[in-house]
Amino acid sequence: MRRTTFHRASLATATLLLLAGCGSQSGSDGKGSGAVSPSPTASRPGTSASPSPSASGSSGGCTPLTSELTGADSGRTYCLAADGTFRITLTGTEQRPWKKIAEAGDTGALKPMNYGIMLRGGDAGAAYQAIAAGTVTLTSTRPLCAEPTAPGQVSCKGIQEWHVTVKVG
């Protein structure tokens, strides 16, 4: 009797861990904000680290945007002065590729520029110059799990979303 209970408990635990591993969620606020953990980003030669938001130096609920945004910057709001420029680099994989970065809102506030480097398969990138006052939301998505490559493999339909808001003015 004991042995059967142990196997059932082990099976239930293994199943739960398997299902949770595909789309784990975390929040740095300790409340479980529901945001999907961003993919790790690799630093590339010639690029600077992404800005980190801080209470000092932020104005009007946004962080000054200095040079580059990565997957770790999702969900934040940034301020950018007119004629300012920035790049976005989202590091993905060929099995879990990021979609092209989309713009919404006052799209005339940002002018797309040449990104300047070639991206690996699965990555997404964009570069912009601020040309007019306005607020733009930039977004991209990718699958949480790779597509199965053989019959009988597990798949999931979860989507990881990346988005930032840029206030130009």
Side-chain angles (χ1 to χ4, degrees), residues 4-44 47 49-53 61-63 65 67-78 80 86-110 112-128 134-167:
T4 304
T5 304
F6 176 73
H7 287 302
R8 286 183 185 159
S10 296
L11 181 61
T13 302
T15 303
L16 182 61
L17 290 173
L18 178 66
L19 292 174
C22 184
S24 61
Q25 297 181 350
S26 66
S28 61
D29 59 3
K31 300 175 192 167
S33 66
V36 175
S37 303
S39 65
T41 56
S43 60
R44 300 185 195 265
T47 62
S50 62
S52 60
C62 62
T63 302
L65 178 54
S67 62
E68 184 165 357
L69 299 176
T70 67
D73 298 310
S74 184
R76 297 183 180 151
T77 299
Y78 292 93
L80 185 64
F86 68 99
R87 291 186 347 175
I88 301 168
T89 303
L90 301 177
T91 304
T93 65
E94 289 187 20
Q95 296 79 22
R96 295 181 52 220
W98 285 103
K99 293 200 185 270
K100 180 181 176 200
I101 296 168
E103 308 155 13
D106 301 323
T107 56
L110 297 177
M113 299 173 42
N114 183 350
Y115 184 69
I117 62 173
M118 188 170 184
L119 296 170
R120 296 177 299 193
D123 291 356
Y128 295 96
T135 301
V136 180
T137 300
L138 303 168
T139 61
S140 183
T141 60
R142 73 176 184 160
L144 278 174
C145 304
E147 290 293 319
T149 56
Q153 290 183 329
V154 177
S155 68
C156 71
K157 300 297 180 188
I159 299 292
Q160 179 180 358
E161 182 182 71
W162 178 90
H163 68 282
V164 296
T165 301
V166 178
K167 295 180 179 181

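Start at 1 with the first residue, then count along the sequence.
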Side chain proximity check, [X] to [Y], heavy atoms < 4.5 angstrom:
X: L69; Y: F86; answer: yes
X: L138; Y: H163; answer: no
X: R76; Y: T63; answer: no
X: P97; Y: P143; answer: yes
X: D73; Y: Y78; answer: yes
X: Q160; Y: W98; answer: yes

Just checking, any donor-acceptor pair under 3.5 angstrom between side chains of E161 and T139? no
Taking CD in Q153 as the centre, count heavy atoms belonging to other residues, nucleotides or ligands within less than 6.0 Å. Is the count above 12? yes
For V164 against S74, the heavy-atom pair lying closest together: CG1-CA, 4.3 Å
Looking only at heavy atoms, which two atoms of T70 and L90 are closest? And how far apart? C-CD2, 3.9 Å
Using 0.5 Å steps for rounding, measure from the [atom1] atom of [X] to the [atom2] atom of [Y].
X: L65; Y: L80; atom1: CG; atom2: CG; result: 5.0 Å
X: D123; Y: E94; atom1: CG; atom2: CD; result: 9.5 Å
X: M113; Y: L110; atom1: CE; atom2: CG; result: 11.0 Å
X: E147; Y: Q95; atom1: CD; atom2: CD; result: 11.0 Å

D106 (side chain) donor-acceptor with G108 (main chain) under 3.5 angstrom: no
Please check: side-chain N/O of R96 versus main-chain N/O of L144, any donor-acceptor pairing under 3.5 Å? yes
Tell me, please, whether Y128 has R87 positioned over its six-membered ring: NZ or CZ under 6.0 Å from the ring centre and within 45 degrees of its axis? no
Full working for side-chain hydrogen bond (donor to acceptor under 3.5 Å, both in side chains) between E103 and T137: CA-CA 6 Å; E103 308 155 13; T137 300; over 6 Å; no
